[in-house]
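So the structure is just underneath, and the comments pick up after that.
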Amino acid sequence: MEKIQELFTCMIDEFEINRRMKELRNHLKVTVDDFSLKTGIKSGQISSIENNRQKVYGWHIQVISDIWPKYAYWLATGKTIEDCGQISPELEETRRNLKTGT
């Protein structure tokens with residue numbers, strides 16, 4: 001039973017970066033086609049990644065990080081380092097809301 005639970009946990013984590021990529025694209029308010037044009041990742045690949053039919057490759061992370069560097073660490077790890085300017089879309093949204101009072 002423990003092995004099955006361990007395998008299930010690994011499967012859940014397997015696509016965590018896919019979720020972050022989709023979250024970033026949605027935060028940026030960029031369509032799949034526009035994200036494709038900006039990154040060079042084919043729109044079909046983006047859709048497959050976002051629907052967990054394909055894993056994210058290292059070069060995907062690299063090209064996205066080159067374009068939006070402040071999200072690089074979060075995209076790769078799911079963590080932030082605010083002191084170094086490495087943030088997440090959620091953190092950026094929270095900061096924005098604090099400034100505007102919404």
Q.
Within the structure provided, determine whether Glu92 and Lys70 are in side-chain contact (heavy-atom separation under 4.5 Å).
A. yes

Q: Measure the spacing between CZ of Arg25 and OG of Ser36 and express it to the nearest 0.5 Å.
A: 11.0 Å

Q: Quick one: do His27 and Glu90 satisfy side-chain contact (heavy atoms from CB on, under 4.5 Å)? Show the steps, please.
A: CA-CA 8 Å; His27 171 74; Glu90 181 181 14; over 6 Å; no

(Q) Does Glu93, at its CD atom, have more than 12 non-hydrogen atoms belonging to other residues, nucleotides or ligands within less than 6.0 Å? (A) yes

Q.
Looking at Asp33 and Ser43, would you say the former's side chain and the latter's main chain have a donor-acceptor pair under 3.5 Å?
A. no

Q) What distance do Glu23 atom CD and Asn18 atom CG have between them, rounded to the nearest 0.5 Å? A) 12.5 Å

Q: Would you give the length of the straight line joining atom CD of Gln62 to atom OG1 of Thr39, rounded to the nearest 0.5 angstrom?
A: 12.5 Å

Q) Are Arg19 and Glu16 ion-paired here, with the side-chain N under 4.0 Å from a carboxylate O? A) yes

Q. Which ILVMFWY residues can you reach from Leu37 by hopping between side chains whose heavy atoms are under 4.5 Å apart?
A. none

Q: Say whether, by atom type as modelled, one donor and one acceptor occur between the side chain of Gln86 and the main chain of Thr80 under 3.5 angstrom.
A: no

Q) Are the side chains of Glu82 and Arg95 in touch, meaning some heavy atoms are under 4.5 Å apart? A) yes

Q.
Which Ile, Leu, Val, Met, Phe, Trp or Tyr residues join Ile87 in one cluster when any pair of side-chain heavy atoms under 4.5 Å counts as a link?
A. Ile17, Met21, Leu24, Leu28, Val30, Val32, Phe35, Ile41, Ile46, Ile49, Val56, Tyr57, Trp59, Ile61, Val63, Ile64, Ile67, Trp68, Tyr71, Trp74, Leu75, Leu91

Q.
If I take atom CD from residue Gln54 and atom OG from residue Ser48, how far apart are they, to the nearest 0.5 angstrom?
A. 5.5 Å

